[in-house]
Enquirer: 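One structure coming up, written as structure tokens, with questions to follow.
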Amino acid sequence: MHGLNPPQRQAVLHVDGPLLVLAGAGSGKTRVIVEKIAHLVASGRMPAKRIAAITFTNKSAREMKERVARRIKGDAAEGLTVCTFHALGLRILQVEHAKLGLRRGFSIFDSEDTAGQFKDLLPPGTKPDAIDAMRQLASRAKNACLDPDAAMAAAGGTREREAALLYKRYQQRLAAFNAVDFDDLIRLPVQLLEGDADAVAAWRERIGYLLVDECQDTNDAQYRLLKAIAGPRGLFTCVGDDDQSIYAWRGANPDNLLQLGTDYPDLRIVKLEQNYRCSNRVLRAANALIANNPHEHPKTLWSGNPDGDRIRVWECKDGAHEAEKVAAEIQFLSQKHASTDGGAAWSDFCILFRGNHQSRPLEKALQLLRIPYHLTGGTAFLDRGEVKDALSWLRLVANPDDDAAFLRAVASPSRGVGGTTLAKLAELAQHAHLPLSRAAESIGLLKQLPARSGNALQEFAGIVRGLRDDAARLAPAELVRRLNERSGLLAALRAQCKDEAQFQARRRNLDELADWFDGGPGGRGTGNGAGDLAAALALLSHADKGDAGNQVRLMSLHAAKGLEFRYVFIVGVEDGNLPHEASIEEGRLDEERRLLYVGITRAKEALWLSHSREAQRWGERQRLAPSRFIDELPAAELQRDGADPVADAQRKAERASAGFAAIRELLGS
């Protein structure tokens, strides 16, 4: 525990009861969790196999596991669980599936599968927004741990009652498919552990000590899972920051931090207020901003770092002008530092915005100056079409009852089996009480379909059957490679691609998918069969991406949480955007203020806030007002445009000189 400050040391040493660590931005919370795991193991208080650390992303789980492995040498960390809430829920379901009416090898429906089922259950022609609204209502009920009957009892109006009925039909379909969705990975374990004394006793024996990171982001179902496992003794450490709770829109409930004190009256609270990331000037601004929010346990961040530069506040004509200023400043700073202090990498710069639509003028401005950038929120690996096609085949090989996987796999690649034929097959399958894949193997049922379609389905069923036989004897990665060939996916890719380079790029995605099972480049290790592997893949966060390399980062404020950069630009700091117009109208400013607080505390050395005077909206030029949040920042910490004409003129001349140099370089290249 060498190097821990006194509050961090208190948090590590408190192991006899419930603990809440209120960890400010940049205060070393991950180190506290890692050191606490090491202390529990080294002191003999708890073996690693009975410790579970819960994070909110797979990336965070991997990084924490790596840090624990460096901290605890040898095999002392063997059996330690570091995973997400959903991964823990999956583990419980895999062990307890029979008690919940599931068969071994159940499928996990992703958001696309779920949306497809809701579309199918609603009348033809239902608009996508209406489908999504019903799906969201059902999801909200699940996250409140309500089954369909309880959701109906709680329904407050016609729309909620319609959603509850749809929820019931959807669950019946999931049961027929031997499937669960992501929300069920939490709801069903909570249902089991709150209602089965033997099951909850067994899981409390398995998990003797629980650590939960980012506790302010838990929803009600996740909090109940935490409480069910921790039990009345409350052997847990929850780490969170109410000032960084920015996910209410997806169900997070920051009041769970307060609820801990009610449910566990002997809860110990430790505050981590020393920030190791930011300049003191940035922290003073952040403290002043967030002080406008109500607090049960207020914190004041401080740092041993220098004061640093004042925060620049720019007023721009419009979004295009704003983007040009930001790009020019990044170019100038990069060149300036390259000639003085060893340089600033492109990856030292980050541009943050409220919504992803704001990235377009920024991308254009960066491209014009040939500044490399990475936009967080592009197409994720698991969202690529060829990868989702391969996964549908893998799911079907693992689980013959997975009708959603069958419907995608039979069309990937196309076999001339149209929607009318599939609807007829579904009708025949329903009467025969068979899943679609088994119906496609029945000669008697196929004879009732057009001959060409029946033959195509019979051929498809034979390929799936052969791959299922392969799954029993091949290593998982080899099974995926065999599947890519036998299914026809590779041949279809070659036919679709306009040239060899495009084909090879898309083929590499299928090769990488095999590597994920192989433990090779980017590998996630191996499971105990195709079913476990498909389930593990379904849990992978779509935000889990590789290193963006040496590029300027562009991302939303929500995506920036947990990251840090030397230089941070926050654009679009206007009323109606940050805070968002809907939040202003509904009087919900607290979370918007927390969002800006998160953005401010990403900056290690320097911070810029920019706003525009006008914008093109709905075909008209509209006047914009600076965000009200800017007035909540201490004036002494800000450097506004025009406040110091001499300094502004000097900066303008320096940047103009750098700009001309860049143009000369461009023309000479």
Side-chain angles (χ1 to χ4, degrees), residues 8 11 21-36 53-68 82-87 211-219 222 237-250 252 254 256-257 272-278 282-283 286 290 299 301 303 347-354 356 374-377 380 540-548 551-570 591 593-605 607:
Q8 289 175 331
V21 180
L22 292 172
S27 61
K29 65 182 179 64
T30 304
R31 185 181 181 193
V32 166
I33 294 174
V34 170
E35 289 293 332
K36 186 148 196 175
I54 310 302
T55 69
F56 267 81
T57 68
N58 293 286
K59 180 181 178 183
S60 296
R62 288 195 299 271
E63 290 173 350
M64 186 177 293
K65 199 173 293 186
E66 289 167 1
R67 290 181 65 169
V68 171
V82 183
C83 65
T84 64
F85 269 107
H86 287 93
L211 300 102
V212 180
D213 194 12
E214 306 287 8
C215 192
Q216 78 282 348
D217 292 335
T218 55
N219 62 29
Q222 290 162 338
T237 294
C238 286
V239 182
D241 183 3
D242 50 350
D243 291 332
Q244 296 189 72
S245 179
I246 56 174
Y247 295 115
W249 53 276
R250 70 182 189 195
N256 286 340
L257 295 181
L272 303 185
E273 297 174 294
Q274 182 175 358
N275 175 285
Y276 293 93
R277 174 192 303 156
C278 308
V282 165
L283 290 182
I290 207 65
K299 301 183 301 298
L301 298 186
S303 172
S347 56
D348 288 331
F349 298 92
C350 180
I351 308 173
L352 301 176
F353 35 75
R354 178 65 175 79
N356 287 323
H374 173 81
L375 174 64
T376 298
L540 287 172
S541 166
H542 286 195
D544 288 354
K545 299 192 178 192
D547 185 5
Q551 302 180 80
V552 174
R553 307 303 205 270
L554 276 70
M555 65 183 71
S556 71
L557 287 158
H558 285 97
K561 190 164 177 289
L563 304 177
E564 58 183 43
F565 303 90
R566 287 179 67 183
Y567 310 105
V568 171
F569 297 80
I570 305 178
E591 180 154 332
R593 190 177 282 111
R594 291 195 293 267
L595 196 56
L596 180 56
Y597 174 85
V598 166
I600 289 173
T601 54
R602 299 313 93 192
K604 296 169 67 175
E605 295 183 23
L607 173 68

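On a predicted model such as this, the values are computed, not experimentally measured, just so you know.
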Enquirer: Nearest 0.5 angstrom please: M555 CE to I351 CD1, how far?
Expert: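 The CD1 atom of I351 is 10.5 Å from CE of M555, to the nearest 0.5 Å.
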Enquirer: Can you name the nearest heavy-atom pair linking D217 to S245, along with the distance?
Expert: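 So the minimum-distance heavy-atom pair works out to OD1-CA, 4.1 Å.
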Enquirer: State whether the side chain of E591 and the backbone N or O of A248 hold a donor-acceptor pair below 3.5 Å, judged by distance alone.
Expert: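 Side chain of E591 to backbone of A248: a pair is present.
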Enquirer: Once you round to the nearest 0.5 Å, how far does CD of Q216 lie from CD1 of I246?
Expert: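 Reported value, rounded in 0.5 Å steps: 8.5 Å.
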Enquirer: Which atom names give the shortest non-hydrogen contact between Y597 and D243, and what distance separates them?
Expert: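 Result for this residue pair: CD2-O, 3.5 Å.
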Enquirer: Do R566 side-chain atoms and E605 backbone N/O form a donor-acceptor pair below 3.5 Å?
Expert: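 Answer holds: no.
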Enquirer: So, using salt bridge (Lys or Arg N to Asp or Glu O under 4.0 Å) as the criterion, who are the partners of R277 when residues are at least two apart?
Expert: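 For R277, the residues satisfying salt bridge (Lys or Arg N to Asp or Glu O under 4.0 Å) (neighbours in sequence not counted) are E564.
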Enquirer: Hey, could you give me the CD/CG distance between Q244 and L595, rounded to the nearest 0.5 Å?
Expert: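 It comes to 11.0 Å.
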Enquirer: Check whether K561 reaches the backbone of V598 with its side chain - one donor and one acceptor, N or O, closer than 3.5 Å.
Expert: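 No, K561 side chain to V598 backbone: no donor-acceptor pair under 3.5 Å.
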Enquirer: Are Q222 and F56 close enough, and set up right, to give a side chain to side chain contact (heavy atoms under 4.5 Å, CB included), and what steps lead you there?
Expert: CA-CA 11 Å; Q222 290 162 338; F56 267 81; 3.7 Å; yes
Enquirer: Counting N and O atoms only, with roles assigned by atom type, does the side chain of N256 sit under 3.5 Å from a partner on the main chain of T218, one being a donor and the other an acceptor?
Expert: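 Such a contact is found between N256 side chain and T218 backbone.
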Enquirer: Salt bridge or not for D242 and K299, using N-O below 4.0 Å?
Expert: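 Between K299 and D242 there is a salt bridge, with a charged N closer than 4.0 Å to a carboxylate O.
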Enquirer: Which one of I33, V82, I54 satisfies the side-chain contact (heavy atoms from CB on, under 4.5 Å) criterion with L211?
Expert: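 Among I33, V82, I54, the one that satisfies the side-chain contact (heavy atoms from CB on, under 4.5 Å) with L211 is I33.
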Enquirer: Angle between ring planes, Y567 versus F349, binned at 30° and 60°: parallel, tilted or perpendicular?
Expert: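 Ring orientation of Y567 relative to F349: parallel.
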